Amino acid sequence: MFQLDYMDHSPLYEQIKEKIKALIINGVLKPNERVPSVRELAQSLTINPNTIHKAYKELELEGYIYSIRAKGSFVTPINTKRNQVRKEDLMLEIDKLVSELAYMTIPKEQLISRIEEIYSRGRQSEND
């Protein structure tokens, strides 16, 4: 599924969380698709299951996955209440970033161009 970088200074659970988020964002993992169980992923990565559990817990808090008792964890569909809260949080982050970039005199056109580039990459992965 993915590999961890043991030379990276970020914690393993954080790496796992970010890699699963990337798989979801890039459409590799689809809405309502089951993600590997804690035990399965721990075995394939040969790490402590508690590390996977912590990553999954944070992914659930951020609204990327949801759990069903005795069934496992699944990718959260995009249009849920939980994701609406996350969208609002991300929009606040964008506000802060854009304000800081404006302060650093990054031209508005450069930001718009960057956003369009990111959106076009997202559409390409949807069509794959």
Side-chain angles (χ1 to χ4, degrees):
M1 192 173 200
F2 54 80
Q3 297 211 345
L4 299 175
D5 181 1
Y6 293 98
M7 301 302 282
D8 189 338
H9 294 292
S10 62
L12 292 177
Y13 81 90
E14 191 74 36
Q15 289 183 46
I16 294 164
K17 182 180 89 169
E18 292 305 317
K19 291 186 190 264
I20 292 175
K21 273 170 61 170
L23 291 172
I24 294 169
I25 290 167
N26 292 319
V28 176
L29 293 172
K30 308 281 186 224
N32 295 312
E33 182 177 342
R34 186 179 171 278
V35 296
S37 72
V38 169
R39 184 177 295 143
E40 291 168 346
L41 196 52
Q43 285 178 336
S44 72
L45 295 173
T46 61
I47 61 173
N48 189 314
N50 290 335
T51 304
I52 308 294
H53 182 71
K54 186 170 184 175
Y56 278 20
K57 193 115 179 127
E58 288 200 8
L59 285 165
E60 195 165 346
L61 287 172
E62 290 181 16
Y64 284 95
I65 64 173
Y66 64 94
S67 297
I68 299 176
R69 183 171 296 235
K71 299 269 188 207
S73 296
F74 301 84
V75 176
T76 304
I78 293 171
N79 295 320
T80 64
K81 270 188 181 178
R82 182 175 270 172
N83 277 335
Q84 188 58 39
V85 171
R86 180 71 178 149
K87 288 175 190 176
E88 291 168 10
D89 290 344
L90 290 170
M91 290 302 286
L92 289 173
E93 283 184 45
I94 286 177
D95 291 349
K96 291 175 192 173
L97 290 171
V98 170
S99 295
E100 188 171 344
L101 289 166
Y103 171 77
M104 297 176 123
T105 68
I106 301 293
K108 177 173 69 170
E109 295 76 21
Q110 187 176 350
L111 291 174
I112 292 168
S113 174
R114 186 66 171 262
I115 290 169
E116 288 172 348
E117 178 185 317
I118 292 166
Y119 263 80
S120 69
R121 281 194 310 241
R123 277 190 233 109
Q124 286 173 352
S125 70
E126 286 175 7
N127 296 331
D128 291 344

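For clarity, every value in this text was computed on a predicted model and none was experimentally measured. Below, each value reflects all heavy atoms present in this structure, side chains not excepted, and no hydrogens, waters or symmetry copies.
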Taking all non-hydrogen atoms of both residues, which atom of Tyr66 and which atom of Asn32 are closest, and how far apart?
OH-OD1, 2.7 Å
Could you go step by step and tell me if Ile78 and Lys87 meet the side-chain contact (heavy atoms from CB on, under 4.5 Å) rule?
CA-CA 10 Å; Ile78 293 171; Lys87 288 175 190 176; 4.1 Å; yes
Can you hop from Ile115 to Leu101 via hydrophobic side chains spaced under 4.5 Å?
no
Walk me through it: do Leu45 and Ile52 pass the test side-chain contact (heavy atoms from CB on, under 4.5 Å)?
CA-CA 10 Å; Leu45 295 173; Ile52 308 294; 4.1 Å; yes
Which distance, rounded to the nearest 0.5 Å, do you find between the CD1 of Ile118 and the CD of Glu116?
10.5 Å
Please check this pair: side chain of Ser99 against backbone of Asp95, looking for a donor-acceptor N/O pair closer than 3.5 Å.
yes
Determine whether a donor-acceptor pair (N or O, by modelled atom type, separation under 3.5 Å) exists between the side chain of Asn48 and the backbone of Asn50.
yes
Would a 4.5 Å heavy-atom cut-off, applied to side chains only, mark Lys17 and Glu14 as touching?
yes
When you measure from the side chain of Ser73 to the backbone N and O of Val35, does any donor-acceptor pair fall under 3.5 Å?
no
Whether over 12 other heavy atoms sit under 6.0 Å from Arg114 CZ
no
Check the pair Tyr6 / Ile47 against side-chain contact (heavy atoms from CB on, under 4.5 Å), numbers first and verdict last.
CA-CA 11 Å; Tyr6 293 98; Ile47 61 173; 3.6 Å; yes
Look up atom OG1 in Thr51 and atom CG in Leu12, then write down how far apart they are to the nearest 0.5 Å.
6.0 Å
At their closest point, which heavy atom of Asp8 faces which heavy atom of Gln15, and how far apart are they?
CB-NE2, 3.6 Å
Between Ile65 and Thr76, which heavy-atom pair has the shortest distance, and what is it?
C-OG1, 3.1 Å
Interatomic distance, CG@Leu97 vs CG@Leu92, rounded to 0.5 Å, equals 11.0 Å
To the nearest 0.5 Å, how far apart are CG in Leu90 and CD in Glu62?
8.5 Å
Would a distance-only check, ignoring hydrogens and angles, find a side-chain to backbone donor-acceptor pair under 3.5 Å from Lys21 to Leu59?
no
Step by step, would you call Ile20 with Tyr64 a side-chain contact (heavy atoms from CB on, under 4.5 Å)?
CA-CA 9 Å; Ile20 292 175; Tyr64 284 95; over 6 Å; no
Contact summary for Ala55 and Ile16, nearest pair of heavy atoms:
CB-CG2, 3.7 Å
Does Leu4 share a hydrophobic cluster with Ile24, counting links as ILVMFWY side-chain heavy atoms below 4.5 Å and allowing steps through other members?
yes
Any link between Phe2 and Tyr13 through a network of hydrophobic side chains (Ile, Leu, Val, Met, Phe, Trp, Tyr) touching at under 4.5 Å?
no
Answer whether the closest heavy-atom distance between the side chains of Tyr56 and Ser37 falls below 4.5 Å.
no
